[in-house]
Structures are given as structure tokens and as C-alpha cells.
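Notes follow once the structure below has been shown.
We count ligands from 1, going down the list as the structure has it; atoms in each ligand are counted the same way. The shown structure was predicted, so the numbers you read here are calculated from the model rather than taken from an experiment.
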Amino acid sequence: MHILVTGGAGYIGSHTCIELLGRGHRVTVLDNLCNSSTVSLDRVQQICGQRPAFVEADLRDRPALESLFAEAAKTGGFDAVIHFAALKAVGESVAQPLRYYENNISGSICLFEVMEKHGCRRLIFSSSATVYGLPEKLPISESESIKPTNPYGHTKSMMEQVLLDTAAAHAWNVTLLRYFNPVGAHPSGLIGEDPEFPNNLMPFVAQVAAGRRPKVTIFGDDWPTPDGTGVRDYLHVCDLAAAHVDALEKAAPGAATAIYNVGTGTGYSVKQMIAAFESACGHPVPSVIGPRRDGDVPTVVAEASLIRQRLGWEAKLGLQEMVRDAWNWQRRNPMGFKGALLD
Ligand code: NAD
Ligand code: WQD
């Protein structure tokens, strides 16, 4: 299949490019590089010997999308789109809601309109466990109510609705993947998560371990969890990448919609994650206990059986691989894609 990957230069997108190319698909990446660089695609080429075609464009640039789809039509068109491109920082979305709604919603709608015009009606969408807000029941199943608590989460739940309505009206085949907490990196250490300032736990821990930041602040140790720190369902980014390609290859043909949690079903606390990282890097990762972060919830763990039953997908990599690969990426790229690659 020829797959358009929006946001394919980013963290999850670049890992998914490897999985797609490895399974023999043709890949075109569209990205405006607002949170990434083409070095990730150079590294994809280094890993799998092929470079995805790349178009630097913004999702909201309709003429650019039109010409991309028209060009692809000359060789059979895109068979499907995997739509990663979005802004994703929760705190930033609270401070700049219009920017988030504009980018994530206007950009997506522009993409979907061009897809419909060109008869490309198959899409895998990056949704998030954040759509569940404060869950009523654990583990969280796909039938849990949708009630996001921040503008970023609203952009995801709104786009889910737009896609379900579009699928019903125009016979699209849509898979919504609600990711829990993706972490880790490709085992080569050539690609990984590269935030300038990390908002999430694991990249923060990795940067502290590499000496880029002095310490991790643990956001509260008085939560109703076994050790008092927040519990999350972390999954290896390579497993997550595989889930996209499974969804693409194993989805029911024709018009259909499916919604899947993508997680492991196992939760680890902040303290457990730091301890695991210390074992991987071989030295202490300094941390202090700080106040709770606004909007946090104690425990978020997926009910992950639906995707296993329907697509045969389940996480193959565990905590040890997550921290090993996160550390390998950070160790080899202490300054991320901007810095030198170490052996
Ligand atoms: P990322 O920032 O590394 O990748 C997103 C990519 O989209 C970047 O390369 C960015 O340059 C690009 N982009 C953003 N807006 C664009 C636009 N208007 N036009 C073109 N390109 C644009 O983020 P990621 O962690 O790889 O996340 C990928 C997707 O998964 C996002 O939709 C995110 O909301 C979702 N998601 C991420 C997580 C997570 O923890 N990383 C969890 C759940 C869901
Ligand atoms: C994990 C745990 C924190 C940082 C976020 C988004 C969600 C999704 C995934 C995109 C929590 C604690 C964190 C730190 C800490 N992204 N923590 N010190 O909050 O589960 O989810 O990323 O869709 O939408 O909300 O992930 O990694 O930020 O936090 O103690 O410096 O680590 O309190 O318990 P979260 P996270």
C-alpha cells in the first residue's frame, strides 16, 4: 500500500515509518517540522535502507495537500492515511487554546476534505487516553465516557467525532487508536523522542540521567496508589508503531469504524519508572517530591483486550526494553537530533 503519514517526522510517526517500510509498504511523509526535523527521516533511512518520500507542508495548506494528492494519483493514489500531525502539549493547550484548535482541528478537516475529494477513504487516527479524562472505572475500556479536561484532549475527542460522522456519511474506513503512554525508542538508538523541554515523565527522566537537567520533580507522593505516586500504562513506541500497521493490514475491508485502546494493561508508578531507568543507565537519577500537577489523575491503565481480540495486537516489549531503549537513544543523542550521534 502507499501510505501518507502526516506528522511522520515526529516521535511516533518516525517509528511507524520504519514498521511500514519493513513490511513492504510505500511511505510518503507530510510534516511542517514545527516539532521535528528531517534528521529523523535520515535516520529512518539509516535503519531500514529506504527513505520515505517527504513533503514539507502544513496540514492547513490546502493547495499543498491538493497537489500532493494529485501527484500521488499518477501512481495509483494513497491507499490510506495515518494521521499523527498535531500539537500535543497539554499545558500549552490550556494557555493557547485557539492555536491548538486551529492546528489540530482546522488542519485535520482540511486533510479529510482533500482525502474525500480524491477518494482516499481509509484513515488511522492518533487519539489519546486523555479523551477519558478522570476515568470512572479501571482499567479503562473503550466504552468509558469521553470527557477530556483540557483543550488538547478536546481536540482529540472532537476529531474522533468528526471522523465517526464522516465515516458514516461517506463510507470511510476509520480506526481510532487511543494511545496510553508511549515511551522508549527504536533499539538502534538512532531515533527517539526529542523534546526541547519535556512535558512527560520519561523524556524528563532520560534528560536528567544524561546530565541535561539536574533532577526530576515527582508530582506528588500522596496519591491513592501503592507508593503514592501516579500510575500509568506505559507502552514501547515500537509496539505502538506495530499497532498502526496491524490496524492498516488487518482492519475489516470496506466501510467500517473501530476504536481501540493501545496499552499494555499494566501500570507502573513514577517511582517504579525512575528505579527502572536507574537500572538501565547504571547510575542514580536524582529526584525530589513536589506538589501535585494541576489536572493529574492518580491511575490511568488500559483495558487492552479489544485490540488483541480484533487485530491480534498485543505489546511484546516490557518495562525493561522501554527503559533500555529510552536510555540508549538518550545516551547516543544527548542533545537530541541537533547534537552529535555518539557510538
Ligand atoms: P510529535 O510532535 O513528535 O509529532 C507530531 C508531528 O506533527 C511533528 O513532527 C510536527 O512537526 C507535525 N505537525 C504538527 N502540526 C502540523 C501541521 N499543522 N502540519 C504538518 N505537520 C504538523 O508527537 P508524537 O508524540 O509523535 O505524537 C503523534 C500523535 O500522537 C499526535 O497526534 C499526538 O497528539 C498523539 N499522541 C501522542 C502521545 C504521546 O505521549 N506522545 C500520546 C497520545 C497521543
Ligand atoms: C506520567 C506520570 C505525572 C512528569 C500525558 C498527556 C496525555 C498523553 C500522554 C498525549 C504522572 C508524573 C510527570 C514529571 C512526574 N499525551 N510526572 N514528573 O500525564 O499520563 O499523559 O502524556 O496524548 O494526553 O496528558 O503523562 O508522562 O506527563 O505523566 O512526576 O516531570 O508522571 O504526574 O503521574 P500523562 P506524563
What is the nearest protein non-hydrogen atom to [atom], stated with its residue, atom name and distance?
| atom | result |
| --- | --- |
| atom 19 (N) of ligand 1 | Leu59 N, 3.0 Å |
| atom 37 (C) of ligand 1 | Ile12 CD1, 3.7 Å |
| atom 24 (P) of ligand 1 | Lys88 NZ, 3.7 Å |
| atom 5 (C) of ligand 1 | Ala86 O, 3.9 Å |
| atom 40 (O) of ligand 1 | Pro182 CD, 3.4 Å |
| atom 31 (C) of ligand 1 | Phe84 O, 3.1 Å |
| atom 2 (O) of ligand 1 | Asn35 ND2, 2.7 Å |

Tell me the contacting part of Ala57 for ligand 1: side chain, backbone, both, or neither, using a 4.0 Å heavy-atom threshold, strictly below.
backbone
Going by the 4.0 angstrom heavy-atom rule, the piece of His83 near ligand 1 is neither
For [X] and [Y], take the angle between the two ring planes, folded into 0 to 90°, and tell me which bin it lands in: parallel under 30, tilted 30 to 60, perpendicular over 60.
| X | Y | answer |
| --- | --- | --- |
| Phe125 | His83 | tilted |
| His15 | His186 | tilted |
| Phe197 | Phe204 | perpendicular |

Could you check whether Tyr179 and Asp233, counting side-chain N and O atoms only, form a donor-acceptor pair closer than 3.5 Å?
no
Given [options], identify the one with the heavy atom nearest to [atom].
| atom | options | result |
| --- | --- | --- |
| atom 18 (N) of ligand 1 | Asn199, Asn200, Thr155, Asn103 | Asn103 |
| atom 12 (C) of ligand 1 | Asp31, Val5, Thr6 | Asp31 |
| atom 44 (C) of ligand 1 | Tyr11, Phe180, Tyr179 | Tyr179 |

What are the atoms of ligand 1, with element, lying closer than 4.0 Å to any heavy atom of [X]?
| X | value |
| --- | --- |
| Gly10 | 3 (O), 4 (O), 9 (O) |
| Leu33 | 11 (O) |
| Ser127 | 43 (C), 44 (C) |
| Cys34 | 10 (C), 11 (O), 13 (N), 14 (C), 15 (N) |
| Tyr152 | 33 (C), 34 (O), 35 (C), 36 (N), 44 (C) |
| Lys156 | 31 (C), 32 (O), 33 (C), 34 (O) |

Would [X] and [Y] pass as an ion pair if we require N to O under 4.0 Å?
| X | Y | value |
| --- | --- | --- |
| Arg121 | Glu116 | yes |
| Glu142 | Arg178 | no |
| Arg232 | Asp296 | yes |
| Arg99 | Glu92 | yes |
| Arg292 | Asp222 | yes |
| Lys117 | Glu113 | no |

Between the protein and ligand 2, which nitrogen or oxygen pairs come in under 3.5 Å, and how far apart is each?
unit_1   : atom_1 : unit_2 : atom_2 : d
ligand 2 : 18 (N) : Thr217 : O      : 2.8
ligand 2 : 19 (O) : Arg293 : NH2    : 2.8
ligand 2 : 20 (O) : Asn181 : ND2    : 3.0
ligand 2 : 20 (O) : Arg232 : NE     : 2.5
ligand 2 : 22 (O) : Asn200 : ND2    : 2.9
ligand 2 : 23 (O) : Ser128 : OG     : 2.7
ligand 2 : 23 (O) : Tyr152 : OH     : 2.5
ligand 2 : 24 (O) : Thr130 : OG1    : 3.4
ligand 2 : 26 (O) : Asn181 : ND2    : 3.1
ligand 2 : 27 (O) : Asn200 : ND2    : 3.4
ligand 2 : 27 (O) : Leu201 : N      : 2.8
ligand 2 : 28 (O) : Asn200 : ND2    : 3.1
ligand 2 : 28 (O) : Arg293 : NH1    : 3.1
ligand 2 : 28 (O) : Arg293 : NH2    : 3.0
ligand 2 : 29 (O) : Arg293 : NH2    : 3.4
ligand 2 : 30 (O) : Phe219 : N      : 2.9
ligand 2 : 33 (O) : Asp296 : OD2    : 2.4

For [X] against [Y], the heavy-atom pair lying closest together:
| X | Y | answer |
| --- | --- | --- |
| Gly7 | Ala85 | N-CB, 3.6 Å |
| Phe54 | Leu41 | CD1-CD1, 3.5 Å |
| Asn150 | Gly153 | OD1-N, 2.8 Å |

Using the side-chain contact (heavy atoms from CB on, under 4.5 Å) rule, pick out the option among Val231, Ile140, Thr266 that qualifies with Val301.
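Filter result, single survivor: Val231.
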Any N/O of Asn32 closer than 3.5 Å to an N/O of ligand 1?
yes
Run Ser269 and Gln272 through side-chain contact (heavy atoms from CB on, under 4.5 Å) and show every step you take.
CA-CA 5 Å; Ser269 73; Gln272 285 176 308; 3.3 Å; yes
